[in-house]
Amino acid sequence: MTVSLFEGLDALLPDLRALYQDLHAHPELSLQETRTAGIVAARLRAQGGWEVTEGVGGTGVVGVLRNGEGPVVLLRADMDGLPVLEATGLPYASVARGIDRDGNDVPVMHACGHDMHVTCLLGAAAQLVAHRDAWRGTVVAVFQPAEEIGEGARDMLADNFAERFPKPDVCLGQHVGPFPAGVAVTRPGPVMAASDSYRVRLFGRGGHGSTPESTVDPVVMAAAVVLRLQTVVAREVGASQAAVVTVGSIHAGTKENIIPDEAELKLNIRSVDPVVRERVLAAVRRIVRAECEASGAPKEPEFTSLGSFPVTVNTADATATTVEGLRGVLGEQAVLVLPQPINGSEDFGLFGEALGVPSVFWHFGGADRAAFEGLEPGTLASRGLPPEVAVNHSPQYAPLQDPTIELGVRAMLGAARTWLG
């Protein structure tokens with residue numbers, strides 16, 4: 001079974017490399033993945049055997065491959081890019097632009113590796129079709145939009161996903177990350193953090209830059225808010241707990257000698273424990289309101305939610321089974337147990353939660369192994385990354401094509417085959 005399921009993968013790799021380069025050069029923003037979805041649907045149909053449904057939850061694609069009696073396994077890849085200007089210097093680097101939800105013209109880049117996820121799942125799908133004698137059951141391949149804004153899984157589930165497609169016995173998903181190619185990391189229980197994002201408007205009273213005494217300066221107000229928010233994690237979260245508070249965007253004013261009427265901040269909060277989450281959210285609101293009052297703001301600040309992600313939780317027994325499959329293809333020492341959850345966030349867990357079935361999510365490496373020379377594999381999950389290794393969402397982030405594509409396909413197949421009869 002092991003040999004036959006991977007047979008012919010080497011011959012498939014040149015096509016997968018070309019696919020990956022094409023997807024990387026043509027990223028699309030969340031809920032706009034029409035070109036990517038079209039490529040996915042066309043390739044699934046060309047493979048044969050797949051029942052292909054397009055437009056699920058907007059731009060989502062679902063393929064169902066039935067192969068006799070046996071378990072039903074859901075395999076998921078996300079498709080959307082990010083509003084990032086690529087600086088990798090790759091010959092297939094993106095120069096794409098798009099219009100974001102606020103109507104802004106922005107650069108677009110696959111800065112989080114979703115192009116790799118699509119490539120690997122399509123590669124695994126091709127192998128499953130080619131070697132149906134090696135497994136039994138049903139595979140539900142889910143190509144999900146809008147993971148980056150936390151809406152894609154919800155949209156697909158709201159589009160009668162449970163009624164339209166076979167109910168899985170387990171949901172499996174993977175994400176490429178800044179680990180050495182060939183290494184995978186995961187853990188039972190919470191594996192990725194919850195995320196809450198907000199737009200905060202601070203209201204001042206504008207005027208001439210030469211007479212600040214006649215104004216309420218929202219720029220100074222915003223600066224005070226940003227600095228004070230740094231104390232939330234440092235002074236209100238215990239050393240054994242985890243949270244992150246980030247101000248990722250700040251905008252105010254149009255000219256150096258004009259004090260504006262308002263400033264806008266965009267905040268992101270990460271947490272794993274529900275109690276910590278509520279404490280941090282309450283502290284953020286308290287600090288913002290207090291700084292506005294201290295500045296004499298003419299009215300209360302305005303908070304608008306920009307979206308949220310739940311904690312991604314791996315089912316313990318299912319994780320143990322899946323890890324066996326990953327170790328079978330990557331090696332016993334190459335699959336590491338994380339000592340604590342990753343602070344990034346995902347909406348993959350919503351599939352298992354909504355469908356009432358176990359789910360398992362892991363990260364696999366896409367970075368040059370040479371950058372990690374001298375580090376013991378067992379320390380990678382607990383030590384910081386080498387400074388030369390670009391991380392997800394960076395303008396420099398791009399996983400190596402080789403051997404990442406092959407290993408990503410093998411990881412997905414290795415995990416899936418532990419469930420397929």
Side-chain angles (χ1 to χ4, degrees), residues 30 82-83 100-104 106 148-151 154 192-311 341 343-345 347 393:
S30 303
L82 285 162
D100 69 12
R101 304 178 88 180
D102 295 325
N104 302 310
V106 295
E148 293 292 355
I149 60 174
E151 296 183 13
R154 287 189 179 92
M192 296 189 75
S195 173
D196 297 278
S197 297
Y198 293 92
R199 176 187 288 113
V200 181
R201 292 176 68 195
L202 309 178
F203 300 100
R205 185 170 58 248
H208 201 288
S210 65
T211 55
E213 72 279 5
S214 64
T215 72
V216 175
D217 192 337
V219 176
V220 174
M221 195 187 309
V225 167
V226 171
L227 289 177
R228 185 60 187 264
L229 286 177
Q230 308 312 305
T231 68
V232 174
V233 173
R235 288 295 175 265
E236 301 195 40
V237 176
S240 62
Q241 300 168 326
V244 177
V245 176
T246 296
V247 180
S249 172
I250 179 168
H251 291 279
T254 57
K255 199 172 186 293
E256 75 283 355
N257 65 346
I258 299 174
I259 294 173
D261 281 326
E262 62 180 72
E264 177 190 274
L265 308 178
K266 291 183 180 179
L267 316 179
N268 180 249
I269 297 101
R270 308 281 174 143
S271 58
V272 175
D273 185 287
V275 175
V276 173
R277 174 178 178 268
E278 291 303 321
R279 185 188 308 150
V280 171
L281 291 176
V284 167
R285 289 180 174 273
R286 184 191 75 238
I287 286 171
V288 172
R289 290 189 176 116
E291 290 293 348
C292 290
E293 183 176 356
S295 298
K299 62 179 180 177
E300 287 275 303
E302 177 184 284
F303 290 81
T304 303
S305 174
L306 297 177
S308 65
F309 294 78
V311 177
N343 279 329
S345 301
D347 64 357
H393 289 215

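Worth knowing before you read on, the calculation uses all heavy atoms, side chains too, and leaves out hydrogens, waters and symmetry mates.
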Kindly indicate whether the side chain of [X], heavy atoms from C-beta on, has any atom under 4.5 Å from the side chain of [Y].
{"X": "Y198", "Y": "V284", "answer": "no"}
{"X": "K266", "Y": "L306", "answer": "yes"}
{"X": "V225", "Y": "V200", "answer": "no"}
{"X": "M192", "Y": "S345", "answer": "no"}
{"X": "E236", "Y": "V245", "answer": "no"}
{"X": "V244", "Y": "V280", "answer": "no"}
{"X": "D100", "Y": "P83", "answer": "no"}
{"X": "P260", "Y": "T254", "answer": "no"}

Can you give me the closest heavy-atom contact between [X] and [Y], atom names plus distance?
{"X": "S197", "Y": "N268", "result": "OG-ND2, 2.9 Å"}
{"X": "R228", "Y": "T231", "result": "O-OG1, 2.7 Å"}
{"X": "V216", "Y": "G296", "result": "CG2-O, 3.5 Å"}
{"X": "P298", "Y": "F203", "result": "CD-O, 3.3 Å"}
{"X": "G206", "Y": "D261", "result": "N-OD1, 2.7 Å"}
{"X": "M221", "Y": "G204", "result": "CE-CA, 4.4 Å"}

Could you state the interatomic distance from [atom1] ([X]) to [atom2] ([Y]), rounded to the nearest 0.5 Å?
{"X": "C292", "Y": "I287", "atom1": "SG", "atom2": "CD1", "result": "12.0 Å"}
{"X": "H393", "Y": "E148", "atom1": "NE2", "atom2": "CD", "result": "4.0 Å"}
{"X": "L281", "Y": "L267", "atom1": "CG", "atom2": "CG", "result": "10.0 Å"}
{"X": "R279", "Y": "S271", "atom1": "CZ", "atom2": "OG", "result": "11.0 Å"}
{"X": "L229", "Y": "E291", "atom1": "CG", "atom2": "CD", "result": "8.5 Å"}
{"X": "R205", "Y": "I259", "atom1": "CZ", "atom2": "CD1", "result": "10.5 Å"}

Counting distance only, does the side-chain N/O of D102 pair as donor-acceptor with the main-chain N or O of N104 below 3.5 Å?
no

Would a distance-only check, ignoring hydrogens and angles, find a side-chain to backbone donor-acceptor pair under 3.5 Å from E278 to P274?
no

Any ion pair linking R285 and D196 (charged N to carboxylate O, less than 4.0 Å)?
no

The test is side chain to side chain contact (heavy atoms under 4.5 Å, CB included); show your working for V275 and Q241 and say whether it passes.
CA-CA 10 Å; V275 175; Q241 300 168 326; over 6 Å; no

Would you indicate whether E302, at its atom CD, is surrounded by more than 12 heavy atoms from other residues, nucleotides or ligands within a distance under 6.0 Å?
yes

Regarding N257 and S210, is there a side-chain donor-to-acceptor distance under 3.5 Å anywhere?
no

